Amino acid sequence: MSTDVLICGAGRTPFGRSEASGRQLAVGAVNAALADAGIEWSRVRAAFGGSDSAGLADTLVAQLGLTGLPFVNVKNGCATGGSALVSAVNAIRSGMADVVLAVGFDKHPRGAFDPRPEDWGLGAEYGSDGLMVTTQFFGMKIQRYMHDHGITPRTLALVAEKAYRNGGLTPEAWRRKPVDADEILDSGMVSDPLTRYMFCSPGAGAAALVLCSPEAARTLEGTPVTLRSAAVRTRRFGSFEVFSPSIPGGPLTSVSRDASAAAFEEAGVGPGDVDVCQLQDTESGAEVMHMAECGFCEDGEQERLVASGATGIGGTLPVNTDGGCIANGEPIGASGLRQVYEIVQQLRGRAGERQVPGGPRVGFTHVYGAPGVSACTVLSR
């Protein structure tokens, strides 16, 4: 049996605030993906999906249809969507099913995430010291990175400026008003060196994909995109990740380096082959670090690349063409699949005003989250 997997349908909802429930948003995204593939729900043979705080994905069958298919709930932090996608890929490769759905959704209340230390294997003092507030961790991590590799605060502001600019070209984005770098720098310090407008916000939204075997894809109406690889990794000893209470001696490791390397190896291509990519940008410092961690540049080269416009839509390495998490917000379960949705549209040439010129052929996605988990994909047309 062929191990090729094709994405034949992709759908998403607007991200941001919504009167609809997370489950209602998920049903909307699933129906959009089914329509894109030109199939009915009854044609789907298996499904995988999840959210962090908006309910159980398998209960969506009450609205989608009681067809009896296997529907597995997935919960893996910010990598929930990516993990659902890996599960769907494996279902096709194993011969379990020839048409499989992956869906991610969430609806978070206003304000910062409020995780409890005991749920993450940490003592209560970790929370009382303020370290369960993820903005603190992100500030510490990028502060160290800037010191070691010569990155300036203005580079962080330019990353966010690009995100808002690209969000303005994305109808489903939450933050669609351009904001310039000076205003971003002056928007109020949250966790030095990160200011208010450098962060994404928790929100609501959903994304879904229909995956098919090559044999099934030939019978469908959608324009397929090849999913060349999908990889999920967790942190190794020596990593400096969210909710890691200390840094051990010796060389640092990175779960994003591990996941991206695995995805590239499986796909048989390298970072230099990628025409457009999506990198996790919970805040603008994350995009800077992930550029190097995923192999697109050396540590410290980001200062020049960002200033030159290389990561813009018309640049040599377009990053987060839909505005990323900064412009879209972060419904945890949906973010990884939103990234893949955007790459599918770019490779199909259907991204509208944000379309990367020249007909991109290879795309890459990367998502990262607590307590040190990353999921990456490589796609091609």
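Every value quoted in this text rests on a predicted model; they were computed, and no experiment measured them.
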Do [X] and [Y] sit within salt-bridge range, that is, some charged N less than 4.0 Å from a carboxylate O?
X	Y	answer
Arg154	Asp182	yes
Arg93	Glu266	yes
Arg354	Asp322	no
Asp36	Arg348	yes
Asp299	Arg257	yes

Any sub-3.5 Å donor-acceptor pair from [X]'s side-chain atoms to [Y]'s backbone N or O?
X	Y	answer
Ser83	Ala79	yes
Thr155	Ile151	no
Asp275	Arg361	yes
Lys162	Val319	yes
Arg175	Ala327	no
Gln24	Ser21	yes
Lys177	Tyr164	no
Asp106	Ser53	yes
Asn328	Gly324	yes
Thr219	Glu215	no

Note, [X] side chain near [Y] side chain (heavy atom, < 4.5 Å):
X	Y	value
Pro224	Arg381	no
Thr282	Thr134	no
Leu317	Leu305	no
Leu64	Asn31	yes
Asp192	Gln143	yes
Leu156	Leu194	yes
Cys325	Ser335	yes

Legend entry - Row check, Phe105 ring normal vs Lys75 NZ/CZ: under 6.0 Å, within 45°: no

Inset, instruction - Mark yes or no: Arg12 above the aromatic ring of Phe15, with NZ or CZ under 6.0 Å from the six-membered ring centre and no more than 45 degrees from the axis. - result: yes

Donor + acceptor pair across side chains of [X], [Y] (<3.5 Å):
X	Y	value
Arg23	Thr59	yes
Thr377	Thr365	yes
Ser213	Asp4	no
Ser380	Thr226	no
Thr13	Glu172	no
Ser256	His366	yes
Glu241	Tyr368	yes

With rounding to the nearest 0.5 Å, note down the distance linking [atom1] in [X] to [atom2] in [Y].
X	Y	atom1	atom2	value
His149	Ile142	NE2	CD1	9.5 Å
Leu122	Asp129	CG	CG	11.5 Å
Cys212	Arg45	SG	CZ	11.0 Å
Ser51	Ile332	OG	CD1	9.5 Å
Glu298	Met291	CD	CE	11.5 Å
Ile184	Tyr197	CD1	OH	9.5 Å

Legend entry - ring-ring contact (aromatic ring centres under 6.0 Å, His included) between Phe240 and Tyr145, intermediate numbers included: CA-CA 11 Å; Phe240 181 31; Tyr145 191 87; over 10 Å; no

Would you say [Y] ends up clustered with [X] if hydrophobic residues are merged whenever their side chains have heavy atoms under 4.5 Å apart, either directly or through other cluster members?
X	Y	result
Val44	Leu211	no
Val30	Leu209	no
Val210	Val340	no

Inset, instruction - Would you check if the distance from the ring center of Phe243 to the ring center of Trp120 is below 6.0 Å? - result: yes

Inset, instruction - Could you go through the side-chain contact (heavy atoms from CB on, under 4.5 Å) check for Arg196 and Met189 one step at a time? - result: CA-CA 6 Å; Arg196 179 184 175 190; Met189 192 64 67; over 6 Å; no

Legend entry - Residue among Gln346, Gln345, Gln355 satisfying side chain to side chain contact (heavy atoms under 4.5 Å, CB included) with Thr321: Gln346

Legend entry - Glu118, CD: over 12 other non-hydrogen atoms inside 6.0 angstrom: yes

Inset, instruction - Would you indicate whether Arg17, at its atom CZ, is surrounded by more than 12 heavy atoms from other residues, nucleotides or ligands within a distance under 6.0 Å? - result: yes

Legend entry - Sole residue of His290, Glu287, Glu330 in side chain to side chain donor-acceptor pair (under 3.5 Å) with Gln280: Glu330

Legend entry - Audit row: Leu379, Leu347, side-chain contact (heavy atoms from CB on, under 4.5 Å) steps and yes/no: CA-CA 8 Å; Leu379 303 94; Leu347 297 183; 3.8 Å; yes

